[in-house]
K.L.:
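Supplied in structure tokens, the structure appears directly below.
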Amino acid sequence: MSDVMHRTCAVRPVPRGGRWARACGALTFATVGLLFAIGMPMAPAMAQTAPDTMAARVEACTPCHGNRGEGTSDVYFPRLAGKPSGYLYNQLLAFRSGRRKYPPMNYLLEFLPNAYLQEMADYFADQRPAQPDPAPITVSDDILQRGEALATGGDSAAQVPACASCHGAELTGMEPGIPGLLGLRPNYVSAQLGAWRYGTRTATSPDCMQPVAAKLTEADVTAVAAYLATLPAPENAAPLPKGSYALPFPCGSAPN
Amino acid sequence: MRPMLPQLVIISALAFTAPAVKAQSNTSNTGGDIVARGEYLARVGDCIACHTAPEGQPFAGGRAMQTPFGALYTSNITPDPVTGIGRWTADDFYTTMHTGRFPSGGLLYPAMPFASYTKVTRADSDAIFAYLKSIPPVRQKNRSHDLHFPYDNRELILGWRTLFFREGEFKSDPAKSPEWNRGAYLVDGLGHCGMCHSPINALGGSSQADAFKGGLIPMQNWYAPSLTSNREAGLGDWSLKDITDLLQAGASKRGVVFGPMAEVVHNSLQYLTDEDARAMAVYLKGIAEASPKAPPASSLPGSESSLLISLGKTVYDARCAGCHGVNGEGRPPHWPPLANNQSIDMPSAVNPIRMVLNGGYPPGTRGNPRPYGMPPFAGLLSDNEIAAVVSYIRTSWGNRGMPVSAREANELRAAPLD
């Protein structure tokens, strides 16, 4: 058929400047396209459906968490990229059931099946967008030192374990359920510690984070959140494999 | 005499509708079949949605139902003999479903859709009861209701019943097909679609004359569109396939379900057999009244609305066109078309505004286990931008809705999400 079109074009007078020739060429191209479409009826239908990718499926997450889970300018919405998928899955379950309360999240997840939430968790766990730059320091050296002491050594008098004792020496977390603490803004970390202190954020029993947060003072929360935000991301920010180290006490979200 | 009356009605109904009985239910009530059939029917009736608290045991009740009259707490319908319905008989269960009265004679609050369940056949009621007797008993005491004065006085229900309740099982229409009648039985009876899709008046009731005419769902601030007007969710010009896709999968070429309807599809309609989904579709298509598209009428001054719409196009092209297409054509079924989409241009703008504000995922179902979600724009767009983009999609590509104001958008920011 396209041959016929060529011949038809050829016998027509070609105006100076070749405009007709170009139009005829375009027509031929369109005809080839039409033949292709008739020959493969699925092709145009495919072009009109949504892409069959997880990136397209999690579009609803991106205004708050960024296209690849890197976070956005809103300091209360956390980075998701690279957190252990077991941790992300636990959070998705907790938001879906309403155990973890944030109405916009509760609403979005309410009718999604477990297998699909696991896929979403896997998707964001696998993303590796660049780590953010460390936050500018806005607190005094004393406060930062207190934060560093809590994060790396804990406070034995107050029976507060070091963050590193559960979240890993590099604070990158451990599969399957312990999140890394780097790349998060201080506002987010202190809001979450506050939520644990007041019991509005809970995890599967034994809820290991609850007694830890309960022993922190408000000043401790400020200090540790500020310190964590100043740390640069390590070369490899991936969580450690399951069982890389023993937890100091049992944790419902992270069975060892 | 009174106890005799319902039985007479049943007998006469059976006598008149014998050829269509098959359209209502398979009435064999023996063996393990009855439990499986009861489980299916309990899903069609969506009992679990209200009778289960968040993170609670299935059917153990305790879910708060917020009403304009205060909070009602649903009851434990597991077979626990002390706190559930373990001591009930099939007669007790049927009486409650059919008459809206407890076995003791006490009156049920009409949050329990007994005005619909009264249409359920005795055989189906018995099957549901057999299923509920088969589930694990849960010992959980019912919580007392928390209603404002004077609604805490149950005697007031008598007045409501006089106005809005007509007791009686479903009667087939011999002029219609068995499939239409089966659909009517499911939609008007167990499916209790009218609980949301009929307008609710100030007394918390809906009149027969207004059945399926649509209305704002109290407390939830979602608009349940009319099932009879083709300008709303009337399905007169939908194909049966698109209707059954919407009911069973939650997504169709014409649109996807969201808001409270997502819950209904998730808990109930996705489990419909193909035959029942088709019967509902036939009936729903049948009750749609032809209603010509109304000419657009603006509640905003002309110059203001044209400014809004030009801002709306800018917002749309930047934020929405990537999925919904520059001409609102979408990429159905997952990215729904906005052109010629009834839920966009129907008279109430509540749903399109809320979709832009809150986004949402259709339910994950057997037919659509990995749904695509709409992003929430509440944090990204101002009231003015939301009003503008909603006005744009309501008036473009042949849509004939009215523009909306920034104030309407602002008011819905406070709408509850649970």
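Order of the sequence lines sets the chain letters (A, B, ...), proteins ahead of strands, with each chain counted from 1.
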K.L.:
Can you name the nearest heavy-atom pair linking A/L108 to B/N358, along with the distance?
P.N.:
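The answer is CD2-O, 4.1 Å.
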K.L.:
Supply the atom-to-atom distance A/D52 CG to B/H334 NE2, rounded to the nearest 0.5 angstrom.
P.N.:
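Spacing of CG (A/D52) from NE2 (B/H334) equals 8.0 Å.
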K.L.:
Tell me, for B/P369 versus chain A, whether the close heavy atoms (under 4.5 Å) come from the side chain, the backbone, both or neither.
P.N.:
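The answer is the backbone of B/P369.
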K.L.:
Given that the side chain runs from C-beta out, which part of A/N114 has a heavy atom under 4.5 Å from chain B: side chain, backbone, both or neither?
P.N.:
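Neither part; nothing is under 4.5 Å.
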K.L.:
Using the ring of each side chain (for Trp, its six-membered ring), is A/F111 parallel, tilted or perpendicular to B/H266, with breaks at 30° and 60°?
P.N.:
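Plane angle between 30° and 60°, so tilted.
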K.L.:
In terms of heavy-atom pairs under 4.5 Å with chain A, which of B/P363, B/P333, B/G250 leads?
P.N.:
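The candidate making the most pairs under 4.5 Å is B/P363.
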K.L.:
Can you measure from CG (B/L417) to CE (A/M105) and round to the nearest 0.5 angstrom?
P.N.:
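Going from CG on B/L417 over to CE on A/M105, the span is 12.5 Å.
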K.L.:
Set out, in order, the CA-CA distance, both residues' side-chain angles and the distance that settles side chain to side chain contact (heavy atoms under 4.5 Å, CB included) for B/R370 and A/M54, then state yes or no.
P.N.:
CA-CA 9 Å; B/R370 304 161 77 220; A/M54 277 310 285; 3.9 Å; yes
K.L.:
If you look at every heavy atom in A/V58 and B/Y361, which pair is closest and at what distance?
P.N.:
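Looks like CA-OH, 3.5 Å.
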K.L.:
Any chance you could measure A/R99, atom CZ, to B/E55, atom CD, to the nearest 0.5 Å?
P.N.:
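One gets 5.0 Å once the value is rounded to the nearest 0.5 Å.
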K.L.:
Can you say whether A/T53 sits under 4.5 Å from chain B via the side chain, the backbone, both, or neither, judging by heavy atoms?
P.N.:
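The answer is the backbone of A/T53.
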K.L.:
Kindly give the heavy-atom pair with the smallest separation between B/R331 and A/A50, and that separation in Å.
P.N.:
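Looks like CB-N, 3.8 Å.
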K.L.:
Is the count of non-hydrogen atoms from other residues, nucleotides or ligands lying under 6.0 Å from A/K101 atom NZ greater than 12?
P.N.:
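Check fails, neighbour count at 12 or below.
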K.L.:
Determine whether A/P104 and B/P376 make a side-chain contact, defined as any pair of heavy atoms from C-beta on separated by less than 4.5 Å.
P.N.:
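When only atoms from C-beta onward are counted, B/P376 and A/P104 do not touch, as no gap falls below 4.5 Å.
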K.L.:
Counting only N and O atoms by type, is there a donor-acceptor contact under 3.5 Å from the side chain of A/Y107 to the main-chain atoms of B/G359?
P.N.:
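Yes; at least one donor-acceptor contact below 3.5 Å.
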K.L.:
Is the backbone of B/G373 close enough, under 3.5 Å, to the side chain of A/R57 for a donor and an acceptor to pair up by distance?
P.N.:
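Not confirmed, A/R57 side chain does not pair with B/G373 backbone.
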K.L.:
For B/R143, look at atom CZ and say whether over 12 heavy atoms of other residues, nucleotides or ligands are found less than 6.0 Å away.
P.N.:
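Count not over threshold, so no.
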K.L.:
Using heavy-atom distances under 4.5 Å, tell me whether A/T62 contacts chain B through its side chain, its backbone, both, or neither.
P.N.:
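For A/T62, no heavy atom lies under 4.5 Å from chain B.
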K.L.:
Would you indicate whether B/Q57, at its atom CD, is surrounded by more than 12 heavy atoms from other residues, nucleotides or ligands within a distance under 6.0 Å?
P.N.:
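Atom CD in B/Q57 is not packed in, count stays at 12 or less.
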K.L.:
Is it the case that the side chain of B/Y372 and the backbone of A/E59 share a donor-acceptor pair, with hydrogens and angles ignored and the cut-off at 3.5 Å?
P.N.:
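Here the side-chain-to-backbone pair does not exist.
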K.L.:
Answer yes or no: are there more than 12 heavy-atom neighbours, outside A/E218 itself, under 6.0 Å from its atom CD?
P.N.:
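No, not enclosed.
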K.L.:
Using a 4.5 angstrom heavy-atom cutoff, name the option from B/G325, B/G360, B/P362, B/P54 with the most pairs to chain A.
P.N.:
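Answer, by heavy-atom pair count under 4.5 Å with chain A: B/G360.
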